[in-house]
Participant: 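Take this structure, written in C-alpha cells, and hold onto it; I'll ask about it next.
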Amino acid sequence: MLCQHCKKNTATYNRVEDINGELFETHLCKSCYIKLFGGLNSLNTVGDINALLFGSPVKRRKACPVCGTTYNDYERTGLLGCASCYDVFKEELLPAIDRIHGKTRHVGRVGANNDDHGLYRRLKALQEQLEVALRNKQYAEAGRLNKRIDEITKALYGGGNDS
C-alpha cells in the first residue's frame, strides 16, 4: 500500500482505529511519518492524524453498484460480493495482489475461455488493442481486430444468425 501523504513510497506505518463505530486508517512511509510526527507526540488518534493530513477524517464509502459490498466489508471479512467488485475496488486490491503474488497480470494457462466471462475478457483485451492500433494508424490491424470484436459480440449478445 502506498503512503497516503507522498503517494510514492510503500507505507510502513499502518494503523486502524475504531472511533464511534467508524474505522479510520492511516498508512504512511517512514520518511513522511518522521517528517509529520517526529516532534508531535501529542497526536494519539487516527482522527487527529487524518485531520492533520487531510483536513478531516477520511471515510471510505465506495460500494459495488451490483451487490452493494463496501470496501470496509471486504476489509472486515476478506470476501468480495461479486465479480464486479474486482473492477470497483481495483485500485485498493492491486497493491495487495502484487504483494502476495509478485505481479498483477495472469501469466499461466487460461483454458478455452469459451464461457461468458472469458469472452468478456477477450472482448476487453481486443478493444484495448483496437484503440492502440487506431492511435498508431495501423488500419489493417484495426480492421482485423474489429472483425474479431464483432464475432465475440455476436457470440455474447446473439445476432449470429444471418439467414
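Numbers for residues simply follow the sequence, beginning at 1.
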Participant: For G68 and A63, work out which heavy atoms get closest and say how close.
Facilitator: O-CB, 4.2 Å

Participant: Which pairs would a plain distance check flag for residues 127-134, meaning a side-chain donor or acceptor within less than 3.5 Å of a matching protein atom at least two apart in sequence or in another chain?
Facilitator:
none

Participant: If you look at every heavy atom in L126 and R148, which pair is closest and at what distance?
Facilitator: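 So the two residues come closest at CD1-CG, 3.3 Å.
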
Participant: In sequence, state the C-alpha distance, the side-chain angles, and the governing distance for S84 and C67, and then conclude on side chain to side chain contact (heavy atoms under 4.5 Å, CB included).
Facilitator: CA-CA 8 Å; S84 180; C67 68; over 6 Å; no

Participant: What pair of heavy atoms forms the shortest contact from L28 to H5, and how long is it?
Facilitator: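 Nearest pair, atom of L28 first, then H5: CD2-CB, 3.9 Å.
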
Participant: When clusters are formed by joining ILVMFWY residues with side-chain heavy atoms under 4.5 Å apart, either directly or through shared neighbours, do L2 and Y71 land in the same one?
Facilitator: no

Participant: Of all residues at least two apart in sequence or in a different chain, which pass the side-chain contact (heavy atoms from CB on, under 4.5 Å) check with R99?
Facilitator: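 Here the qualifying residues are A96.
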
Participant: Just jot down the side chain to side chain donor-acceptor pair (under 3.5 Å) partners of Q138, sequence neighbours excluded, or say none.
Facilitator: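 Expected list: none.
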
Participant: Can you measure from CG (N9) to NZ (K30) and round to the nearest 0.5 angstrom?
Facilitator: 12.0 Å

Participant: Please answer whether the main-chain N or O of Q4 pairs with a side-chain N or O of K7 as donor and acceptor at a distance below 3.5 Å.
Facilitator: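 Looks like yes, one N/O pair under 3.5 Å.
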
Participant: If hydrophobic clusters are built by linking Ile, Leu, Val, Met, Phe, Trp and Tyr wherever their side-chain heavy atoms come under 4.5 Å apart, do V88 and Y86 end up in the same one?
Facilitator: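 Per the 4.5 Å side-chain linkage, V88 and Y86 are co-clustered.
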
Participant: Can you list the residues that meet the salt bridge (charged side-chain N to carboxylate O under 4.0 Å, His left out) rule with E141, with sequence neighbours excluded?
Facilitator: R144

Participant: Show the nearest heavy-atom pair for residues C85 and L93, with the distance to one decimal.
Facilitator: O-CD1, 4.4 Å

Participant: Linking I/L/V/M/F/W/Y whenever any side-chain heavy atoms sit under 4.5 Å apart, do Y139 and I149 land together?
Facilitator: yes

Participant: Rounded at 0.5 Å granularity, tell me how far OH in Y74 sits from CG in L79.
Facilitator: 9.0 Å

Participant: Identify the heavy atoms of R122 and I152 that sit nearest to each other, and give their distance.
Facilitator: CB-CD1, 4.0 Å

Participant: With sequence neighbours left out, what residues match R76 under side chain to side chain donor-acceptor pair (under 3.5 Å)?
Facilitator: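 By the side chain to side chain donor-acceptor pair (under 3.5 Å) rule, R76 matches D73.
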
Participant: Which residues satisfy the side-chain contact (heavy atoms from CB on, under 4.5 Å) test with L94, sequence neighbours excluded?
Facilitator: K90, T104

